[in-house]
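Start at 1 and go down the list; that is how both ligands and their atoms are numbered.
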Amino acid sequence: MLVKHYSKIRSASIHICRNLKTEDFVAQPEIFISPPKWHLAHTTWFFEQFALVPNKKGYKLFNNKFPFLFNSYYETIGERIPRNKRGTLTRPEIDEILNYRRYVDAEMIILLDGKINKELFNIINLGLQHEQQHQELLITDIKFILGNNPLFPNYHNFINHQLELDTVKPLNFLAMKEGNYEIGFNEEKGFCFDNELGNHKVFLHEFQISNRLITNSEYQEFIIDEGYTNHKLWLADGWNWIKENRIDAPLYWHQKDDDWFQYTLNGLEKINPTAPVTHVSYYEAEAFARWKNKRLPTEFEWETACKKNENKIPKAANLANNEYYEPAPAKTNQFYGDCWEWTSSAYLPYPFYKKSDGALGEYNGKFMINQMVLRGGSCATPADHIRATYRNFFYPHERWQFTGIRLAEHL
Ligand SMILES: [Fe+2]
């Protein structure tokens, strides 16, 4: 059972890379992008380092130098190549990385066939969840690599008419009563990251939250109304950020004559007015909400509204299993899928949060500074990798993930 699960998740990473050319595997156009080749090796290193080395008797590293190349940020493990140098690794070539994956997979399958104690099970499960996080990063990093190439090459030719609606449901608001609500992961079974633990209560005033994400055409109204040049709408950091970086539209938007185009994994396409706006920073989401005389929800408001209105992931949710990899017009309340939703909550530890000992304690806890929480998953998130309590986090200026906007207000 675990072998099947392991093999399925591992092969999904290879599947995402099926359309890439050799040169695509190496590029690192910005420091926050990792080359696809590096993702494939790093996720493999994770299993080698944390599952095989401590648990498989006589295990021999595939290559003694690989831990230096493919450790991401684990200080406990030791020295590693600087992040901005990942794109200089023309060697090991992709075939060698694929050999590395096969070698580790074969060793992992032998390990999985044996006796697995709870601690090892948890490490393997974490490795698989980690692999799925990198699958999302693979998609968004591939989009950044291809989308910043002046030729705007296609990743795929994806047509799914079911996802291409001409109309969108009216923007309405879902009312939520004031009261004490439980926040965080509190289930007997199932996986969660340590940052979801510390189940606790919060008091929320009466509020309402929008029944879908903000669309491209709604965001275009903000642009037409000179939202990007009205300092009154912006936080000081956001205003500096748009000035310094000459930002006047979401990432991947290109204006030609009077029309807006957007780079998608299908190549450059005309903006779809009914699809959710995506690739916006926290600053842009916040300014848009202010322009609408609304605000972004807190992560606690988001979680309680999600649990009430979309307790389970709807079948129509647009997650990575659609292989569309673009947000689509709303068929649901869109709490799940399409875009990660910026919340107004800083990424902080919950009360009772405990960082685990050892290297894996570095997984989440040390990033709880200067970042904002996003909720709900995106069109690049695997469907079995998202839940109402899942906390994602990015810096407020970052927008290469599929990030979007949901509005809220107090009543
Ligand atoms: Fe990682």
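- Every residue meeting the salt bridge (charged side-chain N to carboxylate O under 4.0 Å, His left out) condition with Glu409, not counting sequence neighbours, appears here in chain and number order: Lys294.
- With sequence neighbours excluded, the residues satisfying side-chain contact (heavy atoms from CB on, under 4.5 Å) with Arg295 are Phe207, Glu301, Ala408, His410.
- Between Arg212 and Glu218 a salt bridge is recorded (basic side-chain N to carboxylate O distance below 4.0 Å).
- Cation-pi check for Lys201 over Tyr181 is not met; the charged atom does not lie both under 6.0 angstrom from the ring centroid and within 45 degrees of its normal.
- Every residue two or more places apart in sequence or in another chain was checked for a salt bridge (charged side-chain N to carboxylate O under 4.0 Å, His left out) with Glu398, and none qualifies.
- At a threshold of 4.0 Å, the pair Asp259-Lys270 counts as salt-bridged, since one of the basic side-chain nitrogens sits closer than that to a carboxylate oxygen.
- Each protein N/O/S atom under 2.8 Å from the Fe ion (ligand 1) was counted, for a total of 3.
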